[in-house]
Structures are given as structure tokens and as C-alpha cells.
Amino acid sequence: QVQLVESGGGLVQAGGSLRLSCAASGRTISSYAMGWFRQAPGKEREFVAAIRRSGINTYYADSVKGRFTVSRDNAKNTVYLQMNNLKPEDTAVYYCAATLRMSGFTDVQIYDYWGQGTQVTVSS
């Protein structure tokens, strides 16, 4: 079992930055690809970013490309999402997730473990 706990959310003005963290426990995440998803009220959960086990390859939704950066520190068992130039449409609950799969990272169905989420609110 892997337990994931997100932190770092909050209220920020448009154009601001936040750094989300996802701390894992129970098992090392070095064997898992990690994803970030978000869900706004009334909308489906959507893919934001993912990072392979090694941390070399990263993937992003078009809506966040160039603004968000996903990274990981396997020694600290933690994954990060640096969010810059935030927009009101980025407002959502952000979740991290872990998967043993090696492809299909945009699909919520492939993830084995999920955190409880952290709220990000961007004011205009």
C-alpha cells in the first residue's frame, strides 16, 4: 500500500505561483510513475502532469504546458508540481496518484493509489 498526502495548495492571485508536494509513505515511490490530476466543481477529473519512475520523462496537459513543472525526489519519497503564471481556470482540487504502469499516464483508470487532494484557488 502507498499512502499519498498532498500539500501546498491555497489561494493565490492570477499570475502567481504555488508549489504542490505529494509525500508518500508505506512504500518507496521509486517503482511508480506519478501523476497529477485536478478536478473542478461539476467537472471530471483531468490529467495535469506525469513523471516516469526515473524522473527523466515528463508529460503535461496542453493547458498547463510551459507553466507547470512536475519533478520528483525519490530519496525523499516526494513528488512536486511547480505551478507558475496561475490562471483562474486552474482553480480545482489537485490530486497526486501513483501507478506501476509505464504508459497511458493521462488515464485516471491506470492509477493504483490516490491522495486526498489539495485545494488550489486562483483569483482574478
Side-chain angles (χ1 to χ4, degrees):
Q1 288 281 353
V2 177
Q3 291 80 43
L4 302 172
V5 178
E6 302 94 337
S7 61
L11 174 63
V12 64
Q13 288 188 331
S17 299
L18 284 174
R19 188 194 195 201
L20 305 184
S21 297
C22 173
S25 61
R27 287 183 182 176
T28 174
I29 61 169
S30 59
S31 300
Y32 294 84
M34 302 296 294
W36 284 96
F37 289 76
R38 66 187 182 187
Q39 189 167 17
K43 295 188 176 181
E44 293 188 352
R45 193 167 297 189
E46 65 173 3
F47 170 76
V48 175
I51 186 167
R52 286 192 180 272
R53 293 177 295 178
S54 65
I56 294 175
N57 299 103
T58 57
Y59 308 88
Y60 298 94
D62 287 343
S63 58
V64 306
K65 205 170 291 184
R67 300 187 297 122
F68 289 12
T69 302
V70 59
S71 62
R72 65 192 296 160
D73 186 338
N74 287 341
K76 294 184 177 180
N77 232 24
T78 302
V79 181
Y80 305 97
L81 185 68
Q82 177 67 44
M83 306 186 296
N84 298 328
N85 190 22
L86 282 159
K87 303 176 180 181
E89 52 263 42
D90 294 319
T91 295
V93 177
Y94 283 71
Y95 300 89
C96 69
T99 179
L100 290 172
R101 297 275 289 272
M102 293 185 286
S103 63
F105 300 131
T106 62
D107 185 357
V108 296
Q109 299 295 332
I110 72 161
Y111 290 86
D112 305 297
Y113 302 102
W114 291 84
Q116 85 291 346
T118 186
Q119 177 71 47
V120 171
T121 303
V122 184
S123 63
S124 57

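All residue numbers refer to positions in the sequence shown, counting from 1.
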Decide whether [X] and [Y] are clustered together by the hydrophobic rule: side chain heavy atoms of Ile, Leu, Val, Met, Phe, Trp, Tyr closer than 4.5 Å, transitively.
| X | Y | result |
| --- | --- | --- |
| Tyr80 | Leu20 | no |
| Leu4 | Trp114 | no |
| Tyr59 | Ile29 | no |
| Val108 | Val93 | yes |

Around Arg53, counting heavy atoms of other residues, nucleotides and ligands shown, do more than 12 lie under 6.0 Å from its CZ? no
Can you confirm whether Lys65 is buried at NZ, in the sense that more than 12 heavy atoms of other residues, nucleotides or ligands lie under 6.0 Å from that atom? yes
From [atom1] ([X]) to [atom2] ([Y]), nearest 0.5 Å:
| X | Y | atom1 | atom2 | answer |
| --- | --- | --- | --- | --- |
| Gln119 | Leu11 | CD | CG | 9.5 Å |
| Met83 | Thr69 | CE | OG1 | 11.0 Å |
| Asn77 | Ser30 | CG | OG | 7.5 Å |
| Ile51 | Phe105 | CD1 | CZ | 10.0 Å |
| Met34 | Leu81 | CE | CG | 11.5 Å |
| Ser71 | Arg19 | OG | CZ | 6.0 Å |

Quick one: are [X] and [Y] in side-chain contact, heavy atoms under 4.5 Å?
| X | Y | answer |
| --- | --- | --- |
| Val70 | Phe68 | no |
| Cys96 | Val79 | no |
| Ser63 | Arg38 | yes |

Nearest heavy-atom neighbours spanning [X] and [Y]:
| X | Y | value |
| --- | --- | --- |
| Thr78 | Lys76 | OG1-O, 2.8 Å |
| Ser124 | Ala14 | CA-CB, 4.4 Å |
| Arg27 | Gln1 | NE-N, 3.4 Å |
| Arg72 | Arg52 | NH1-O, 2.9 Å |

Determine yes or no for a side-chain-to-main-chain donor-acceptor pair under 3.5 angstrom, with Glu6 supplying the side chain and Gly117 the backbone. yes
Check for a donor-acceptor pair, side chain of Thr91 on one end and backbone N or O of Val122 on the other, with a separation under 3.5 Å. yes
Strictly below 4.0 Å, N to O, side chains only: are Asp90 and Arg67 in salt-bridge contact? yes
Of all residues at least two apart in sequence or in a different chain, which pass the side-chain contact (heavy atoms from CB on, under 4.5 Å) check with Leu100? Ser31, Tyr32, Asp112
Exactly one candidate in Tyr111, Phe37, Tyr95 meets ring-ring contact (aromatic ring centres under 6.0 Å, His included) with Phe47; the answer is Phe37
